[in-house]
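Report on the structure given below.
Residue numbers run from 1 in the order of the sequence given. Please read these numbers as outputs of a predicted model, since none were measured by experiment.
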Amino acid sequence: MQRILQPGDIESLDHTSFPRVLLPQLPGLFVERAARLRQLAEGNPIADYLRFVAQIVDAQAKAAGQLTLAEPDAALIARAQEHSMPLLPAADHIDAAWHGVLDRMLDALSGADGLPAPLQPLLQELRALDTAGRDEIAQRLLQKEVAARHVGMAPFVMAALQVVFATRASGLSARDLPYTDPASICPVCASEPVASVLRIGGKAAGHRYLHCGTCCTEWHMVRVKCSHCESTKGVEYQGIDGAGDTVLAETCEECGSYRKVVNQEKDPMAEPLADDLASLMLDLLMGEETRFQRASANPLLYVAFAEEQDEAGDALIDPATPAA
């Protein structure tokens, strides 16, 4: 009897192939990210902010690895593959375990040395919220509807959600993940990438991967292709003179957006989320001197302009727009 090989089966037989998906490895991912943030803080105009974010990532590392999450069943996997849809869209699969993760992170941050004093009331307010209030904020953030009154809480909420979603993704099998349509969204949680990264080492060497800002999964996309609209026309790269080319803005004339490319071939220690945060000056330059708009936000940097009002009269924030 003949058997039709699926894409994952074909890849497993081809020992020269490179991985289509790189699943997060915990807790090492957060440990390495925190170290990179501290390294990038040296001499950086936003050094204090980077060290503060490193403390958040430290808390993530402590909270990671303490979760037991249910794996998706075979029917869910089959449906995702049949319809080329992400396996576990984040906004539809918020696990209640995230509340415990947030509490553990708040405990760790409350006792952290050097935490800015003005943040203590904010952490207390976040801790005092009931689960319904927290879930409402989480749902808004995952749907990119950030109310102005929640901007200060957003990095902590997203950091806790990231731990849960990354933990869930780390337990998946790459062969179970679908080829999504569009290919610019995460095959696990349907989120947008925070940046793309040119990897070194192993079979992934020399290949470009998009890095999910929510579950930290990476999936392959060919170079010189817009990671937002997938166009191969009018793709160019821009940087800051004298800043090196480890991080560049990949711009697209077709959709008018940009997303950063982090190049490990230029710096082996480069890490997509950390290097994206540390290159905020590039975002400011792009906002002031070009017409290109940032394609998606960094989950730990929800500071932006108010654009419109929601039903409660709160300003809604575009999290992809850095502050001026």
Side-chain angles (χ1 to χ4, degrees), residues 6-11 18-26 29 64 67 69-98 101 135 138-146 157-197 199 204 207-222 225-231 255 257 259 272-273 276 294-300 319-320:
Q6 299 300 314
D9 298 322
I10 297 172
E11 291 170 0
F18 59 89
R20 175 176 63 95
V21 176
L22 301 175
L23 295 169
Q25 303 296 310
L26 304 181
L29 179 144
L67 298 174
L69 302 173
E71 297 182 2
D73 59 32
L76 186 62
I77 293 172
R79 184 179 67 178
Q81 292 182 341
E82 179 182 358
H83 298 287
S84 298
M85 56 186 286
L87 185 58
L88 297 165
D92 299 327
H93 293 84
I94 302 177
D95 196 293
W98 88 272
V101 171
D135 282 337
Q139 195 74 41
R140 279 173 170 257
L141 289 172
L142 292 172
Q143 294 175 342
K144 297 192 293 185
E145 298 175 356
V146 190
V157 171
M158 282 303 301
L161 290 171
Q162 194 178 68
V163 171
V164 176
F165 288 123
T167 298
R168 177 186 286 153
S170 69
L172 299 174
S173 171
R175 69 175 58 199
D176 290 335
L177 299 180
Y179 287 79
T180 56
D181 184 15
S184 56
I185 60 173
C186 176
V188 175
C189 72
S191 299
E192 294 177 305
V194 64
S196 64
V197 55
R199 285 290 180 193
H207 297 286
R208 195 261 288 262
Y209 290 84
L210 307 186
H211 183 92
C212 177
T214 301
C215 75
C216 305
T217 295
E218 295 185 358
W219 64 104
H220 176 256
M221 178 172 280
V222 297
K225 185 175 187 179
C226 176
S227 62
H228 186 61
C229 74
E230 301 184 62
S231 172
C255 66
S257 72
R259 181 174 280 124
L273 188 144
D276 175 66
R294 182 169 170 128
S296 54
N298 189 303
L300 301 185

Indicate the atoms forming the closest heavy-atom contact of Gln81 with Arg175, along with that distance. NE2-O, 3.3 Å
Is the shortest heavy-atom distance from the side chain of Leu172 to the side chain of Pro72 under 4.5 Å? yes
Separation between CZ (Arg168) and NE2 (His93), nearest 0.5 Å, reads 7.0 Å
Would you give the length of the straight line joining atom CD1 of Ile77 to atom OG of Ser173, rounded to the nearest 0.5 angstrom? 8.0 Å
Rounded distance [0.5 Å steps], CG in Leu142 versus CE in Met158: 5.5 Å
When rounded to the nearest 0.5 angstrom, what is the spacing between OG in Ser227 and NE2 in His211? 13.5 Å
Going by heavy atoms in the side chains, are Ser191 and Lys144 under 4.5 Å from each other? no
Walk me through it: do Thr214 and Leu161 pass the test side-chain contact (heavy atoms from CB on, under 4.5 Å)? CA-CA 7 Å; Thr214 301; Leu161 290 171; 5.6 Å; no
If you count heavy atoms of other groups shown closer than 6.0 angstrom to CD of Gln139, is the number above 12? yes
Indicate the ring-plane relationship of His220 and His207, choosing parallel, tilted or perpendicular according to the 30° and 60° boundaries. perpendicular
Would you say the side chain of Leu76 lies within less than 4.5 Å of the side chain of Leu88, judging by non-hydrogen atoms? yes
Please evaluate residues Cys212 and Trp219 with respect to the criterion side-chain contact (heavy atoms from CB on, under 4.5 Å), reporting the C-alpha separation (whole Å), side-chain torsions for both, the decisive distance (0.1 Å), and the verdict. CA-CA 8 Å; Cys212 177; Trp219 64 104; 3.7 Å; yes
So do Gln162 and Pro299 actually touch side chain to side chain, heavy atoms under 4.5 Å? yes
So how far is it from Leu23 CG to Cys216 SG, rounded to the nearest 0.5 Å? 11.0 Å
Could you tell me which non-hydrogen atom of Ile185 sits nearest to which non-hydrogen atom of Ala190, and how far apart they are? CB-O, 3.9 Å
Would a distance-only check, ignoring hydrogens and angles, find a side-chain to backbone donor-acceptor pair under 3.5 Å from Arg208 to Lys225? yes
Atom of Ala295, atom of His228 and distance for their closest heavy-atom approach: CB-ND1, 3.9 Å
Any idea which heavy atoms bring Arg20 and Leu177 closest together, and the distance? NH2-O, 2.7 Å
Just to verify, what does Ala64 make a side chain to side chain contact (heavy atoms under 4.5 Å, CB included) with, not counting sequence neighbours? Pro27, Phe30, Val163
Taking every non-hydrogen atom, the tightest pair across Pro86 and Pro178: CA-CG, 4.4 Å
Is Trp98 close to Asp135 at the side-chain level, that is, under 4.5 Å between some pair of heavy atoms? yes
Heavy atoms of Met85 and Thr180 approach each other most closely as C-CG2, 4.2 Å
Quick one: CZ on Phe165 to CD1 on Ile94, what's the gap to the nearest 0.5 Å? 5.5 Å
Has Gln143 got a side-chain atom pairing as donor or acceptor with Ala91's backbone, closer than 3.5 angstrom? no
Side chain to side chain donor-acceptor pair (under 3.5 Å) with Arg259: of Ser196, Ser296, Ser184, only one passes, and it is Ser296
